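Working notes for the structure below.
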Amino acid sequence: MCLLRMDPWGLALLPFSLTGITSWYPLIYPNNGVLWSVSTIAFFYYRLPWLFGRLERAWTRAHLPWLAALMAVKWVIVVGVDPFFYMPLRVWPPFVVPVFMIGAIVGRSRLEDALAGGDPSPALWGRRADALSVALALFVGVSAFFSHYAGAFGLRVVLEAFIILPLAYWIEALTYAGSASWVGFVLSARRRPAAAARFERL
């Protein structure tokens with residue numbers, strides 16, 4: 001796939017690509033639209049100092065279900081009104097602020113536990129991580145089936161909307177559990193030979 005369109009419209013939109021603001025104007029589809037995720041993430045990095053100050057003062061884990069519900073309701077309303085807006089709004093940073101806030105709140109909570117020297121039970125977190133791994137695998141499988149085979153676009157969007165918070169909890173559980181979960185064990189086992197080989201070459 002060619003990332004850059006060389007026609008006059010693509011060249012006119014080249015500054016959007018070079019400055020990392022591809023997804024900030026979703027109805028003006030830039031010439032490297034495939035990189036929308038990089039652009040969306042860049043928006044939150046640009047705005048992180050402003051967002052983090054408010055996050056630190058006002059947002060806690062108690063807000064997580066509300067943020068997830070807000071995101072889900074927005075998706076259902078948008079797709080119910082007109083599926084055309086699915087992709088433009090999916091990539092538009094202001095629309096996905098709740099997703100960023102969920103990740104930031106969970107990340108801050110994990111960091112605070114680490115700085116406080118907390119030592120939660122790895123075995124307990126391992127069981128949580130494994131249970132979430134199975135649930136998310138089934139979730140993704142069902143979503144893929146309805147998206148690609150059953151043609152149920154609306155159901156696919158509903159499933160996609162509700163995966164955000166479980167995914168954040170899954171990543172958090174893996175960071176607590178480490179190799180106590182089978183997913184963490186597999187990931188760490190794959191890293192060990194490569195790390196050992198690097199140290200041997202030093």
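All values below were derived from every heavy atom in this structure, side-chain atoms included, with hydrogens, water molecules and symmetry-related copies excluded. This is a predicted model, so every value here is computed, not measured.
- Applying the ring pair (Phe, Tyr, Trp, His ring centres under 6.0 Å) test to F44 and every residue at least two apart in sequence or in another chain returns F100.
- The hydrophobic cluster around V134 extends to L138, counting ILVMFWY residues whose side-chain heavy atoms fall within less than 4.5 Å of a member.
- Nearest heavy atom pair, residue A129 against residue S181, reads CB-CB, 3.8 Å.
- Nearest heavy-atom pair, A180 versus P122, reported as atom, atom and distance to 0.1 Å: CB-O, 3.4 Å.
- The salt bridge (Lys or Arg N to Asp or Glu O under 4.0 Å) contacts involving residues 165-180 comprise R61-E172, where partners must be two or more places apart or lie in separate chains.
- With sequence neighbours left out, I164 forms a side chain to side chain contact (heavy atoms under 4.5 Å, CB included) with M71, V99, I102.
- Atom CZ of R128 sits about 9.0 Å away from atom OG of S121, to the nearest 0.5 Å.
- Applying the side chain to side chain contact (heavy atoms under 4.5 Å, CB included) rule to L70 yields the partners K74, P98; only residues at least two apart in sequence or on another chain are considered.
- Under a 4.5 Å side-chain heavy-atom cut-off, the cluster of Ile, Leu, Val, Met, Phe, Trp and Tyr residues that includes W66 has no other member.
- Every residue meeting the side chain to side chain contact (heavy atoms under 4.5 Å, CB included) condition with F43, not counting sequence neighbours, appears here in chain and number order: W24, R47, P93.
- In terms of hydrophobic clustering, with Ile, Leu, Val, Met, Phe, Trp and Tyr side chains grouped at heavy-atom distances under 4.5 Å, V91 and Y46 are assigned to a common cluster.
- Counting only residues at least two apart or on different chains, the side chain to side chain donor-acceptor pair (under 3.5 Å) pairs with a member in residues 129-142 are D130-W182, S133-W170.
- Applying the salt bridge (Lys or Arg N to Asp or Glu O under 4.0 Å) test to residues at least two apart or on different chains, none of the pairs has a partner in residues 95-104.
- The salt bridge (Lys or Arg N to Asp or Glu O under 4.0 Å) analysis of residues 92-107, with sequence neighbours excluded, yields no pairs.
- With sequence neighbours excluded, the residues forming a side-chain hydrogen bond (donor to acceptor under 3.5 Å, both in side chains) with T40 are S23, listed by chain and number.
- Residues that satisfy the side-chain hydrogen bond (donor to acceptor under 3.5 Å, both in side chains) test with R110, not counting sequence neighbours, are T175.
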